[in-house]
Amino acid sequence: MTSFSIAGLFADAVARHPAREALVWREQRWTYQELGARAAAGARICGTLISCERPYVAFVAGNSAAYVVAYFGALLAGATTVEIGRGEEKETIARLLDRVRPALVLTDRDDLEGIVVGAPTLSLDTFLEQCGTDAGAPVAPPSTDAPASVVFTSGTTGLPKGVVLSHGNILFVVEAVCRYLEMTEDDRYGLILPLAHTYGKSNLLSAIAAGASVVLIEESGSAPLLLGRLAKEGCTIASVVPFHLNMLARSSNLAETVPSALRAITTSGGALPVWTTEALAKGWPRVAIFSMYGLTESSTRATFLPHDELTAKPKSVGRVLPGMTIEIRDGEGHPVPAGAEGAIWLHGPNVMQGYWEDPDATGGVLEKGWLNTGDVGYLDGTACLFITGRAKDIVKVAGERISLAEIEAVVSTHPDVADAAAVGVPHPFLGEVVWVYVVPGAAFDPVELGAFCAERLSHHKVPRRFVRSERIPRTATGKIQRHLLDRGAPRE
């Protein structure tokens, strides 16, 4: 891979594979030449709006062909993309956009018109309608000095932090993924995960780098529909979170449901239960399953477990990517020997540049190029990583990162709540779910609390259970001691 920018990678793919199918979205099918022409037209639109002072194009949307066109169009225009989860509350979106001040906001939501003063808000459908197919081949901008993306991801403070990723950060991961999945132009990538997340974006870019076809898949909440779509499109690779594999592993007649062309599945975003690993290894023996680990701050990838070691080390997330270094450190910051548990630190070309305009938060996790992941684990004698906990107060529900502090902030605003603490509880299907321990000020009505939260939080953040508590254990400085909360109630 010789490209030094994502726009360059895309332009090169269009030039090398003009007639090959590039993108499938519902009934639309575009070749690389057709996708390239639309993206080039999109670049002209973005180029008329962005400036040196405001070179940002923000996305608040779900997956679609229009998203892909606009994303590459923005990068071809020399813009930095700003990615915000579609499910965030409008107030949160407004606060984040106010910090970045983008020149253009692209969305598929109908409630964001005029959300940034002095910048147009366009629906992605409208943007796509303005992108003709006679714009010619895409041309990458000569400079790659600007960051590639600012990706807002949930943090312990509740308000998402903007992870600044360079073109080099992202392309390092793309090259590694192409290498260990042995991707070629004959592959068809089933893209299930949100493009607004670095995991989903790495799927897109890895397929483009290989000259493969990208199939955007909406039918991911039902095993029969997902498998049917993968089979119909002849997908050879798909990337998922444990939620999807747990769902598939529960399917009846597993051996009879594997899509005939499928050769590899990657999974990240949480621990993969051993029963899922065993079921899929037995039912789909010819499908290589890669367990991985990473976070937005490491451009979504840090380790992968070779598929032939999955059954031998089902709880491991693998070895660090070539070109990276991993250390397990004790509380004093010193490396510990193999087998000893400690904080997970990463170093390599994929480590973020920092958090958007937040030097304090950046300094809290970056040290001389090393990233403190906030996760806890150990390395075995073969340098395989095992994750045993999470120091950050973040849980993952079906692969979605959720800030416990944000949940607590909402619950605590209820007039009948005197104090509250949220925790992540293991769940056999979703990976984790959120429970909230509540010290009631007056009445305690879990149903009413659930309705209260549903009005103020996106659906995946609504707590699964509320537990009455006499007090919330805290340190002398007021920090919640989550490990002291009684989690002895029956599991989900």
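- Residues E83 and A196 share a closest heavy-atom pair of CB-O, 3.6 Å.
- Side-chain contact between V397 and F243: absent, with no pair of heavy atoms (C-beta onward) separated by less than 4.5 Å.
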Evaluate R86 against R109 for side-chain contact (heavy atoms from CB on, under 4.5 Å), listing each step before the verdict. CA-CA 8 Å; R86 187 186 188 280; R109 287 177 51 156; 3.8 Å; yes
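- The shortest side-chain heavy-atom distance between T236 and L262 does not fall under the 4.5 Å cut-off.
- Not one N or O on the side chain of Y32 forms a donor-acceptor pair closer than 3.5 Å with the backbone of F10.
- Counting heavy atoms of neighbouring residues, nucleotides and ligands inside a 6.0 Å radius, atom NZ of K313 exceeds 12 of them.
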Would T325 and L346 satisfy side-chain contact (heavy atoms from CB on, under 4.5 Å), going step by step from the backbone distance to the final call? CA-CA 6 Å; T325 307; L346 301 173; over 6 Å; no
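- With values rounded to the nearest 0.5 angstrom, F290 atom CZ is found 8.5 Å from I237 atom CD1.
- Side-chain contact annotation: Q353 with N169, donor-acceptor N/O pair under 3.5 Å present.
- No salt bridge links R464 with E432; every basic N to acidic carboxylate O contact stays at or beyond 4.0 Å.
- Scanning all heavy atoms of the two residues, the minimum distance from T267 to V241 falls at OG1-C, 3.7 Å.
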Dump the intermediate steps for side-chain contact (heavy atoms from CB on, under 4.5 Å) on N350 and M324, then the final yes or no. CA-CA 8 Å; N350 53 335; M324 287 191 67; 3.2 Å; yes
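- Side-chain atoms of H427 come within 3.5 Å of backbone N or O of L430 as a donor-acceptor pair.
- Between the side chains of N246 and T276, at least one donor N or O lies within less than 3.5 Å of an accepting N or O.
- A salt bridge between E182 and R263 is absent, with no side-chain N of the basic residue lying under 4.0 Å from a carboxylate O of the acidic one.
- A salt bridge does not link E218 with R229: every distance from a Lys NZ or Arg NE/NH1/NH2 to an Asp or Glu carboxylate oxygen is 4.0 Å or more.
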Hey, mind stepping through L193 and S239 against side-chain contact (heavy atoms from CB on, under 4.5 Å) and telling me if it holds? CA-CA 7 Å; L193 304 167; S239 290; 4.2 Å; yes
Could you walk me through whether R29 and E233 pass the salt bridge (Lys or Arg N to Asp or Glu O under 4.0 Å) test, one step at a time? CA-CA 11 Å; R29 296 177 183 274; E233 293 296 340; 2.8 Å; yes
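- Nearest heavy-atom pair across P446 and F466 is O-CD1, 3.7 Å.
- L245 has its side chain out of reach of P242: every pair of non-hydrogen atoms, C-beta onward, lies at least 4.5 Å apart.
- Taking 4.5 Å as the limit, every side-chain heavy atom of L195 sits out of range of all side-chain heavy atoms of Y71.
- Checking T266 against Y199 by side-chain atom types alone, a donor-acceptor pair falls below 3.5 Å.
- The closest side-chain donor-acceptor pair between E448 and H414 falls under 3.5 angstrom.
- With respect to the salt-bridge test (charged N to carboxylate O, under 4.0 angstrom), the residues R95 and E88 do not qualify.
- Summarising the geometry of A420 relative to V411, their closest heavy-atom pair is CB-CG1, 3.9 Å, with the distance given to 0.1 Å.
- Nearest heavy-atom pair across P473 and L485 is CD-CD2, 3.5 Å.
- Shortest non-hydrogen contact noted between I6 and A148 is CD1-CB, 3.9 Å.
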